[in-house]
There are 2 protein chains.
Amino acid sequence: MEKSEVILSAALKLFVEYGFHGTPTSKIAAEAGVSNGTLFHYFKTKDELTVALYVHVKNDLNNALALRQQKTKDIRTRFKYLFADSIKWSLQNYKEFYYIQQFHFSPHLSLVSKEELERQTQLHLGLLQEAIDAKLLKPLPVELIIQLVGSQIYGLHQYLLEAKLTPAELQNNVDEALELLLTMIFI
Amino acid sequence: MEKSEVILSAALKLFVEYGFHGTPTSKIAAEAGVSNGTLFHYFKTKDELTVALYVHVKNDLNNALALRQQKTKDIRTRFKYLFADSIKWSLQNYKEFYYIQQFHFSPHLSLVSKEELERQTQLHLGLLQEAIDAKLLKPLPVELIIQLVGSQIYGLHQYLLEAKLTPAELQNNVDEALELLLTMIFI
DNA sequence: ATTTTTGTAGAGTGATCAGTCAGTTAATTA
DNA sequence: TAATTAACTGACTGATCACTCTACAAAAAT
């Protein structure tokens, strides 16, 4: 594991627990097992570290989603996989998922370049456009669909995280929620 | 306007723009037009101010929602009103709405007492329980429904805020999204 | 009329923290 | 091997900031 990744990993843990503000760089360095100076060798500022962590986590999520997407042709199936894989990832990486939300509602978001933000929605946007072209979706604005799907994923995640369920119940809930979502936006 | 409200209002403006961290108490006092000491006369600590602002904003939202709820009997209609009024408030008070999210994804949330958090969901929980008792809803877990409705509201809000629409288009979108939501969770 | 409480001010303080710097060690290149 | 660069250290600093303190004015209570 690269040292910069060790630092990012330490930052994630502390940011999620204490927030950006409540986490001094000195604590991050200590948690990562490196000196204060080393942290600033890899990341010029604390803000840069914060943004780098966001990009890193987002890439991780996108990579996890891309796997089955590339192997699947049928649009509706890809849609299902996108939803199911998102939920799966969000539960297995709930700290990372929390950090994404936390970051999203902070002024740090404005430090991320437009291109980077765009790059990160390509997967979703592409699939949605295909679905629209194939006339599979209800005639709703694309941005609205993105928002609704995104928040549906978030809502389900939040519920599943709190409710301690057996794997079978969990799978059942995911399937149901997915079905609800599909009937909501598919024709 | 009470001086404590002036301070809260100043804090809201700055917190939303610069975040908790990026907003020194001195700037809040200056924005509110009071001295540094006065701020701490009304709020013992910055954390207390932060929490007080959250409670204040949430009460405001709940009051806005309660108005039509009390005058309406039919459960489905009350559900519609709750949804429509939430969206309306979130657009008219988008800074307050943003602050709620921001607060939600910060460690400050843990500073709010359980009773206060409970008090703030009573309106929603009550309506939902009535709907369940009247067997109007699909047999889904209450917490899941709450999460789904909440995130649906958030998703629609986010979309409407970005898309600059005419009042008629806006109303249309709200109606459509509401219809989608109703078919999703009502029998 | 006098005491007490409350509201307001703003300079001051101690602690914290992001980021620097001077210097050491390890790795790469010439 | 020598020279150059990169990785790394940790003490240090300048600035910032939450909060205090003393002082005073206005209002309320007695």
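We name chains A, B, ... by the order of the sequence lines, and we start the count at 1 in each one. In this text, all values refer to a predicted model and were calculated from it rather than measured experimentally.
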Colleague: Going by the ring-ring contact (aromatic ring centres under 6.0 Å, His included) test, which pairs reach into residues 142-175 of chain B, not counting sequence neighbours?
Modeller: A/Phe105-B/Tyr154, B/Phe97-B/His157

Colleague: Can you pull out every salt bridge (charged side-chain N to carboxylate O under 4.0 Å, His left out) where at least one residue sits in residues 149-168 of chain B? Sequence neighbours excluded, please.
Modeller: none

Colleague: Write down the distance between CZ (B/Phe40) and C1' (D/dA18), rounded to a whole number of angstrom.
Modeller: 5 Å

Colleague: Check each residue of residues 41-57 of chain A for a non-hydrogen atom within less than 4.0 Å of any atom in DNA chain C, then write out the ones that pass by number, or none.
Modeller: A/Thr45, A/Lys46

Colleague: Applying salt bridge (Lys or Arg N to Asp or Glu O under 4.0 Å), name anything that partners A/Glu116, two or more places apart in sequence or on another chain.
Modeller: A/Arg119

Colleague: List for me each residue that meets side chain to side chain donor-acceptor pair (under 3.5 Å) alongside A/Thr77, sequence neighbours excluded, and say none if there are none.
Modeller: A/Asp74

Colleague: What ring-ring contact (aromatic ring centres under 6.0 Å, His included) pairs are there with at least one residue in residues 43-84 of chain A, not counting sequence neighbours?
Modeller: A/Tyr54-A/Phe103, A/Phe79-A/Phe186

Colleague: Just by distance, no angles: are the side chains of A/Gln171 and A/Asp175 close enough, under 3.5 Å, to form a donor-acceptor pair?
Modeller: yes

Colleague: Give me the first and last nucleotide of DNA chain C, going 5' to 3', that has any atom under 4.0 Å from a heavy atom of chain B.
Modeller: C/dG7 to C/dG10

Colleague: Which part of the nucleic acid, if any, lies within reach of A/Ser4 when heavy atoms closer than 4.0 Å are counted: base, sugar-phosphate only, or nothing?
Modeller: nothing

Colleague: Could you go through nucleotides 11-14 of chain D and list every protein N or O atom that sits under 3.5 Å from one of its N or O atoms, giving the distance for each pair?
Modeller:
none

Colleague: Distance check: side-chain N/O of A/Ser35 vs OP1/OP2 of D/dT9, anything under 4.0 Å?
Modeller: yes

Colleague: Return the set of residues passing salt bridge (Lys or Arg N to Asp or Glu O under 4.0 Å) with B/Lys13 (not counting sequence neighbours), or none when no residue passes.
Modeller: B/Glu31

Colleague: Suppose the criterion is ring-ring contact (aromatic ring centres under 6.0 Å, His included): which pairs have a residue in residues 58-77 of chain A, not counting sequence neighbours?
Modeller: none

Colleague: Tell me which pairs pass ring-ring contact (aromatic ring centres under 6.0 Å, His included) where either residue lies in residues 21-41 of chain A, with sequence neighbours left out.
Modeller: A/His21-B/His21

Colleague: Is B/Ser26 close enough to D/dC17 that one of its side-chain N or O atoms is under 4.0 Å from OP1 or OP2 there?
Modeller: no

Colleague: Which residues pass the salt bridge (Lys or Arg N to Asp or Glu O under 4.0 Å) test with A/Glu130, not counting sequence neighbours?
Modeller: A/Arg78

